[in-house]
Amino acid sequence: MQPEAKDPVEDSVWEEPPSMLWGLDPMFNAFTKLYVKDILQMRESCQVSGIYFYNSHPIFKVDVLGTVVYKREREDFFCYGAGARSFGSSARGDFNPANELKKLRQAQHSSSHLEIGELLRVRGPVKTSRQQREIMASTYYKVSDPVMAVQISWMMEVPQLYRQCYDKPFHLDSSAQNPNIQGGSASYLLGRATRILKDFLKEKEVTRFRPYDVQDLLQPLVSRQPQKTAAEQEPEAGPSSGPPTSFKQLRELLQKSLQILQDEGLVFRKVKSQDEVYHVTERDKDLLMAIRDILREDCRREKYAEKGCHILHVLSSVRQRYSRNVSKAALELVLKALECNSDIISTSDSHYTIL
């Protein structure tokens, strides 16, 4: 199901962000899996041609899966792009270069020439030519999908991307949108800090940590920031005036970065106390076990036997049995990990059952 059309009134009052800030949006450098309808309706940037906006996200390259309904081919031009797969051949005693070359050309022709009704996947930048929206394919190939497994997987993945990413507007704070005021790189700095913490969690494979364990990782970011001049600094208030400005900046940057990780569900605090301990969601074995136990017990009940448990039911049970601080985003990450390990299965949208 495609998302509902946006209100044209909202579009009319929306202001395009400056081009220097587009790189702060992760979707800008990704092949975005949009519906064809949305690709056709995206508005083109008034700053740079070839850049388009969906819900304030800057987009210039897309990833599309669809059925061929029209084709126009010439010897030197395909209207849907150009490309071919590579094929290897085994070295045998009766190897015939001429025959192998013929087979290679046949395979190349089969994979790069499409017929009406065949399934096609295309990746490439979007372009408007002669008032028509086109995809200039950098990669395209015919998809073999006899049991529709690829199409079903695609139809399950894309709505999730819309809900989790595409339909959430990309917001910048006022300091990031106005580079002339002090702290204009605040949003960029926060993005760098968050990425550093994510890389730390991935590389070290820690299960829990405290803020002081990762604080030094962000120190270089604060050290490179311009310092206030003597005239700009606030007058000292005596020995109890508090920590230096750089330490305050570091602490504030760390807290904001950790909050982003919590909002994304990557970490959570099992117990909120003065001892700040953050648990890495996907590596918390107790949390994974609690969720499996909840699904195993509740899916035996007649109410949930057929369709499984809704994610909100699981979330409520987890908060009652394990920790009231587990967010929905954290639960979604765990459910996805359990499903990848074939411990559970999603019976329908937002419903899960044990295997």
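Heavy-atom basis, side chains included; hydrogens, waters and symmetry copies ignored.
- To the nearest 0.5 Å, atoms CG (Asp293) and OG (Ser317) are separated by 11.5 Å.
- The backbone N or O of Asp167 lies less than 3.5 Å from a partner atom in the side chain of Asn55, making a donor-acceptor pair.
- Counting heavy atoms from C-beta outward, Ile116 and Val69 have side chains that stay 4.5 Å or more apart.
- Residues Asp284 and Phe268 meet the side-chain proximity criterion, which asks for heavy atoms closer than 4.5 Å.
- Inspection of the Tyr278 and Glu276 side chains reveals an N or O donor paired with an N or O acceptor under 3.5 Å.
- A cation-pi contact, defined as under 6.0 Å to the ring centre and within 45° of the axis, is absent between Arg43 and Phe53.
- Around CZ of Arg321, the count of heavy atoms belonging to other residues, nucleotides or ligands within 6.0 Å exceeds 12.
- A donor-acceptor pair is defined here as one N or O able to donate and one able to accept, closer than 3.5 Å; no such pair exists between the side chain of Ser323 and the backbone of Arg319.
- Here Lys248 contributes atom NZ and Leu253 contributes atom CG; the two are 16.0 Å apart, rounded to the nearest 0.5 Å.
- Side chain to side chain, Tyr54 and Thr32 fail the donor-acceptor criterion of an N or O pair below 3.5 Å.
- The line from OH of Tyr141 to OG1 of Thr139 is 8.5 Å long, rounded to the nearest 0.5 Å.
- At a threshold of 4.5 Å between non-hydrogen side-chain atoms, the residues Gln215 and Phe247 count as touching.
- Centroid-to-centroid, the aromatic rings of Phe60 and Trp22 stay 6.0 Å apart or farther.
- Between Leu258 and Phe209 there is a side-chain heavy-atom pair separated by less than 4.5 Å.
- In this structure, Lys142 pairs ionically with Glu118, as a charged nitrogen and a carboxylate oxygen lie closer than 4.0 Å.
- Counting heavy atoms from C-beta outward, Ser346 and Glu339 have side chains that approach closer than 4.5 Å.
- Cluster membership for Leu288 and Val206, using ILVMFWY side-chain heavy atoms within less than 4.5 angstrom, is not shared.
- Thr281 contributes no side-chain N or O that, together with a main-chain N or O of Ala330, makes up a donor-acceptor pair within less than 3.5 Å.
- Contact annotation: the side chain of Met42 approaches that of Ile59 to within less than 4.5 Å [non-hydrogen atoms, C-beta and beyond].
- Summarising the geometry, atom CE belonging to Met155 is positioned 5.5 Å from atom CE belonging to Met148; distances are rounded to the nearest 0.5 Å.
- Salt bridge annotation for Arg121-Asp63: present, with a cationic side-chain nitrogen under 4.0 angstrom from a carboxylate oxygen.
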- Item | Derivation of the side-chain contact (heavy atoms from CB on, under 4.5 Å) call for Lys198 and Leu266 | CA-CA 9 Å; Lys198 288 181 178 179; Leu266 297 175; 3.6 Å; yes
- Task: Quick one: do Tyr166 and Asp38 satisfy side-chain hydrogen bond (donor to acceptor under 3.5 Å, both in side chains)? Show the steps, please.
- Result: CA-CA 11 Å; Tyr166 305 163; Asp38 292 325; over 6 Å; no
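- Using a 4.0 Å cut-off between a side-chain N of Lys or Arg and a carboxylate O of Asp or Glu, Glu205 and Arg283 do not qualify as a salt bridge.
- Rounded to the nearest 0.5 angstrom, Met27 CE and Ser56 OG are separated by 8.5 Å.
- For Thr353 (side chain) and Gly308 (main-chain N/O), no donor-acceptor pair under 3.5 Å exists by modelled atom type.
- Ion pair Asp199/Lys202 not flagged as a salt bridge, since none of the NZ, NE, NH1 or NH2 atoms sits closer than 4.0 Å to an Asp/Glu carboxylate oxygen.
- Tyr352 has its side chain out of reach of His310: every pair of non-hydrogen atoms, C-beta onward, lies at least 4.5 Å apart.
- Between the side chain of Arg133 and the main chain of Ile39, a donor-acceptor pair closer than 3.5 Å is present.
- Remark: Leu295 CG to Leu335 CG distance equals 7.0 Å, nearest 0.5 Å.
- Salt bridge Glu44/Lys127: absent, no basic N to carboxylate O contact under 4.0 Å.
- If you look at Tyr304 and His313, their ring centroids are closer than 6.0 Å.
- Within the 3.5 Å criterion, the main-chain N or O of Ser273 finds a donor-acceptor partner in the side chain of Arg269.
- Ion pairing of Glu252 with Lys256 is present here, as a side-chain N (NZ or NE/NH1/NH2) and a carboxylate O approach within less than 4.0 Å.
- In this structure, the side chains of Leu120 and Leu65 stay at 4.5 Å or more apart for every pair of heavy atoms.
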